[in-house]
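By convention in this document, chain letters (A, B, ...) are assigned in the order of the sequence lines, proteins followed by strands, and residues within each chain are numbered from 1.
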Amino acid sequence: MEGSLSSLVLTAIFILIASVAIVPLFHRRQHLIVSIIFPVFSAASLFSLFAGILAVAGGEAETLILPVGLPDLPFHLRLDPLSGFFITVVSLLAFCVSIYSRGYIAGFIGKRSVTHLAIFYPLFLAGMLLVLVSDDAYFFLISWELMAAASYFLVLYEDGVVENRRAAYIYLVVAHIGAVAILLAFGVMAGFAAGFDTFHGYTFDAMRGASLPPAWASTAFVLAFLGFGAKAGIVPLHVWLPEAHPAAPSNVSALMSGAMLKTAIYGIVRFTFDILHTPQLWWGELVLAVGLASAILGVLAALLENDLKRLLAYSSVENIGIILVGLGLGMIFLSFHQPLMAALAITAALYHTLNHAMFKGLLFMGAGAVLHATGVRNMEKMGGLIHKMKWTAPLFLVGCLSISALPPFNGFVSEWLTFQAFLMSPSLPSQHLNLVIPLGAALLALVAALSASCFVKAFGVTFLGHCRSEACATAHDATPSMRAGMMIAATACLLLGVFPTVVIAWMGNLSSQLAGETIARSAGEVGWLWLTPVSAQRASYAAPMVLLGIASVLLVVFLTLRSKKSAIHRVPLWDCGFEKITSTMQYTSTAFSMPPRLIFGYLFHIKERVRPGLPDGRPAEFPAKVNYSVRVRDRAWGWFYRPVADLAFRLAKHTARLQHGRIHIYLAYSFFTILFLLLVAL
Amino acid sequence: MREAFPLLIEACQIALVLFAAPLLAGWVRALKCWTQGRTSPGVLQPYRNLIKLFSKDIVLAHNASWVFRFTPYLLFGSVLMAGAIIPIISVDLPLSATADIIALVALFAIGRFFIALAGMDVGTAFGGMGSSREMMIASLAEPAVLMTTFTVSLFGHTTSLSEMVRFIGQQNFFLSPSMVFAAIAFVLTLLAETGRVPVDNPVTHLELTMIHEGMILEYSGRYLALVEWAGMMKLFIFTSLGVALFVPWGIPQGDDLMDIPLAVLIMAGKLALVAAGIVLAETGLAKMRIFRVPEFLGTAFLIATLGMLSHFILEM
Amino acid sequence: MTFTAQIINVLAACILLTSFGLLVQRRIYGLLRIFAWQGLFLSASTALVAYTAGMNHLYISAALTLTLKVVVLPYILYVLVNRLNIYRDVEPLVNIPATMLIGIVLVIFSYHLTAPIRELSTLVTRTTLAVALSTVLLGFLMMITRKKAVTQIIGFLALENGLFFAATSATYGMPLVIELGVALDILIAAFIFGIFIFQIRTTFDSLDLKEMEKLKEHEGA
């Protein structure tokens with residue numbers, strides 16, 4: 001059946017876009033929108049999910065040319081394993097989030113209209129899917145902009161808050177700077193593919209065939225990496241991320257963090273491994289270095305953060321970094337013509353892409369449930385929610401375990417594979433790389449451990465202990481559809497972690513498309529139980545055994561001890577005889593992150609202030625109250641954005657001289673411009 | 001009959017980890033008493049403690065959630081799982097392919113993650129403090145652990161535990177600076193990971209100095225017994241991992257059941273020596289201020305890195 | 001690799017470790033002790049090279065290193081520190097972890113730099129050349145990043161150790177005459193340093209080298 005899979009994807013996209021036309025008709029019946037339209041989105045996601053899974057498994061590339069677009073450049077579509085994989089990532093998450101949204105969006109009814117949320121949400125999904133199937137630069141950029149614009153309006157949903165408007169504005173600016181860089185990258189490619197006189201160079205197929213001199217290839221790569229990197233949130237272009245993700249409604253944050261960032265990764269992979277197809281060594285080194293920097297700065301910023309959603313956003317920067325580390329290693333290995341090693345690194349990176357979509361989606365949904373229940377995002381006001389949110393807490397915990405790279409969940413598998421890729425580096429024929437790459441592995445180990453620390457904090461402060469404010473006193477658990485959405489994502493986290501051999505076998509076509517080699521054969525050579533990325537002698541990991549082993553020990557111990565006659569006495573908390581213990585005496589989020597703040601603080605701009613409270617007649621040595629405040633800021637603002645913004649303002653000031661407010665002068669400007677153009681044209 | 005040998009050996013090892021761990025802990029404590037001129041309660045005291053704790057009632061704070069009650073079991077399970085994987089009495093364990101050394105580190109991380117959560121669960125300041133510090137120390141130890149792993153894996157081009165031990169065990173005795181550095185770095189991280197003296201004090205209940213004890217302060221009865229037992233097993237596993245990686249001579253390579261008693265004896269001898277070393281270090285050193293610990297672990301990382309570098313510089 | 005070569009490598013590694021030890025150590029007495037250890041490793045490795053290569057004059061160098069760098073110089077410095085009642089903590093200009101990381105980078109750099117020489121050389125000691133160069137650079141680093149004059153002297157002496165080691169590993173040592181001369185120079189340098197330190201001390205009432213900034217002419221004024 002020729003083209004059947006791409007028509008499945010197109011059906012999904014059609015459903016999503018058609019719903020945009022239908023939703024406004026139900027503007028007056030908000031409940032109807034929520035209860036009908038979001039299940040439709042889940043169904044549409046299921047279509048594209050199946051198409052994606054089958055496209056990867058099939059390994060064939062389907063192409064399609066739509067009879068719309070520019071006269072010389074109709075829309076080209078292509079569904080190959082690479083786009084199929086990313087369609088799977090996006091659709092799987094979109095499926096969970098759409099189910100979740102039904103309950104989550106219902107919470108807005110009565111507060112503000114959900115109509116435009118229901119309009120931009122499917123547009124956003126459709127934009128992402130279109131980005132993944134487009135096969136020419138023009139169509140790609142249109143889809144890219146559709147995605148960016150739709151998400152801009154979604155970030156702006158709660159537009160009453162000043163910070164949200166500011167966040168959306170920053171997002172828009174960075175997105176457009178990125179888009180310009182991508183456009184230029186495509187321009188370079190197209191110029192070498194077919195010259196600038198024709199549009200034919202703008203199809204990806206033509207670009208694949210182009211032969212670029214190394215310097216121009218590098219230019220195209222750097223432009224594309226900057227452009228896609230801005231969207232992915234690489235350091236130092238990441239500052240929009242912790243602003244925009246918390247501002248958006250949580251279901252949208254889940255999609256932005258879990259899916260939209262992945263389209264940027266898709267862009268990098270597509271551009272480097274497919275379109276340019278022979279990476280140079282220094283590209284790999286650059287990507288590796290940027291990835292490591294993003295990972296470490298992202299996780300530290302997350303660790304120092306007190307706002308739950310900002311914490312998750314920063315942790316996305318970290319995970320994008322980990323993905324880039326894998327891709328960078330892949331490029332380095334490919335530049336030394338080591339396809340098998342490259343396949344390992346790329347598989348690790350893409351596996352992490354899928355995993356991150358799942359657990360970050362789950363965590364944002366969980367954060368949304370908390371926000372829904374308590375109305376606050378600041379963790380210092382939470383605590384003890386595990387008693388009120390009996391479902392959300394364990395589901396959020398699954399997300400925390402996965403993202404902290406703990407077996408048997410999925411985050412561990414991909415980080416383990418990344419480490420294995422690192423461990424392959426000594427067989428490279430380059431002496432200085434042999435010495436330097438292991439240091440990168442050590443840094444990645446630090447990142448993994450810090451992220452565990454970060455999520456101990458996130459879960460511990462939010463859900464454990466006593467309630468720290470009034471906000472959580474009236475907290476309630478998530479609604480059934482929200483639970484369902486989270487539960488599917490959590491199950492995916494567990495399954496992706498327990499059956500990695502199945503997933504890697506499925507991804508086999510993908511790495512052979514990108515690296516020309518696959519680890520699918522060696523990964524399962526000793527059976528599906530044991531994951532052996534290179535060979536059984538080199539390294540192995542059996543997630544089902546870990547799960548079974550721990551579970552059986554747990555069960556045996558539990559049953560043995562249960563028969564004991566010892567009783568459990570519930571008593572008040574031991575207070576050291578102090579008797580006035582309050583919930584504010586618990587370790588707070590700020591306190592928890594104090595050691596890393598002290599050790600790594602120089603990487604950030606930290607303002608710490610201790611002020612004694614109002615004098616109340618007590619001696620100064622024993623104040624009744626002390627105010628402590630700490631503010632952590634990204635150095636990127638001061639080092640990178642402030643100069644750029646200043647420059648922009650200075651330029652604007654100079655340009656402003658042109659502005660006189662007199663219509664004659666403006667007409668004169670136009671007149672001289674036309675004269676000039678005519679002169680040049682002749 | 002012979003087919004069942006590997007399974008029997010595996011069972012032997014699990015039993016050994018379970019029941020010899022308190023003995024090692026008792027030996028360390030007794031030695032420490034002697035070096036400090038105190039009378040020790042004997043090497044069997046940890047067993048008595050465990051038995052006592054198992055038969056006691058449990059006192060649980062009102063707001064302790066299921067995380068608090070689930071953690072001891074999980075901790076025990078993950079540590080025992082790790083004990084089933086590393087080659088202590090034989091290189092050929094059926095379960096050893098379950099995890100390589102990186103996954104092994106992650107197995108310990110599960111337990112740590114949960115115990116840190118449990119520390120925050122009841123909502124005391126001590127618990128939170130312990131969790132925060134434990135996670136910091138664990139994070140900073142991680143690069144050193146990985147670098148040590150990396151260095152050792154350079155020899156056999158493998159991270160699989162049994163393959164590493166097999167490879168090094170098959171070599172004649174050789175002097176290699178990178179191995180020496182890796183061993184030193186391993187000992188330093190061992191002290192940090194198992195909460196021994198310069199980093200944490202396993203016997204203290206003084207508020208300002210405790211890390212691990214701070215987290216488990218609220219535990220009692222069988223929960224406490226499980227946590228304590230897991231702690232002893234962790235010490236046992238870490239020391240035997242060190243022995244297996246750096247002085248593997250004496251661990252049988254085949255799957256003959258007859259080799260096992262001798263292997264157990266040799267292992268016991270080595271462990272007793274290592275324990276004596278730990279005790280000497282603990283007696284000779286004072287506990288560090290908490291913010292000196294990063295420097296301590298930084299040194300561990302430095303030494304491990306020098307090991308990696310000297311492998312490439314001096315041994316290639 | 002022969003067993004003696006293995007031992008030479010281990011000693012080289014120990015020298016590298018001690019030069020990092022000098023960077024990491026916070027106490028001045030500890031610094032002196034590590035410096036003495038470095039001298040010991042150096043003299044042992046020289047003796048071993050003498051044994052393997054059968055070059056008798058290297059035995060004299062080894063003995064010279066032993067007396068001078070393990071006994072005499074540390075003793076002189078010890079007396080100096082004691083007499084001057086110097087504050088016992090090393091005061092770094094750059095914090096210690098950062099110095100450590102820079103040190104690792106320097107080691108990688110020197111490995112990279114000496115790689116071509118390794119290919120050419122056939123000596124037993126050729127692998128240790130990178131270590132020797134790193135010792136020189138690390139000694140330099142120590143001189144740059146420490147505040148006190150005494151720590152600078154130790155940095156300088158460590159640097160000299162590196163040069164000596166480089167000579168041994170690259171060409172099996174310099175001719176005996178030169179080595180004797182260098183040894184004498186070092187000894188004299190140590191005395192001159194001592195006198196200097198006394199002078200700095202009496203002039204500024206402090207050994208902080210920052211004080212020496214006052215010696216420049218005032219701008220404008």
B/Ala106 and A/Leu406: which non-hydrogen atoms are nearest, and at how many Å? O-CD2, 4.1 Å
So if I apply the side chain to side chain contact (heavy atoms under 4.5 Å, CB included) rule between A/Leu423 and each of B/Ile102, B/Asp100, B/Leu146, which one comes out positive? B/Ile102
Which pair of non-hydrogen atoms, one from B/Ala125 and one from A/Met585, has the smallest distance, and what is that distance? CB-O, 3.4 Å
So which of A/Ala452, A/Ser535, A/Cys400 has the biggest tally of heavy-atom pairs under 4.5 Å with chain B? A/Ala452
Do B/Asp57 and A/His569 get their side chains close enough for a donor-acceptor pair, meaning under 3.5 Å? yes
Among B/Arg112, B/Glu134, B/Glu218, B/Glu163, which has the most heavy-atom pairs under 4.5 Å with chain A? B/Glu163
Would you say the side-chain atoms of A/Ser540 pair up with the backbone N or O of B/Ala97, donor to acceptor, closer than 3.5 Å? yes
B/Ala64 backbone acceptor or donor facing A/Arg570 side chain under 3.5 Å: yes
Looking only at non-hydrogen atoms, find the nearest pair between A/Pro438 and B/Met147 and report the distance. O-CE, 3.7 Å
If you compare all heavy atoms of B/Pro143 against all heavy atoms of A/Leu446, which two are closest, and at what distance to 0.1 Å? CG-CB, 3.7 Å
Minimum-distance pair of heavy atoms, taken over all atoms of A/Ala591 and B/Ser132: O-OG, 4.1 Å
Provide the closest heavy-atom pair for B/Met120 versus A/Gly460 in the form atom of the first, atom of the second, distance. SD-CA, 3.8 Å
In this structure, which one of B/Phe70, B/Tyr223, B/Tyr73 forms a ring-ring contact (aromatic ring centres under 6.0 Å, His included) with A/Phe558? B/Tyr73
Are the side chain of B/Thr158 and the backbone N or O of A/Arg538 linked by a donor-acceptor pair below 3.5 Å? yes
Please examine the side chains of B/Met136 and A/Leu450, heavy atoms only from C-beta on, and report whether any two atoms are closer than 4.5 Å. no
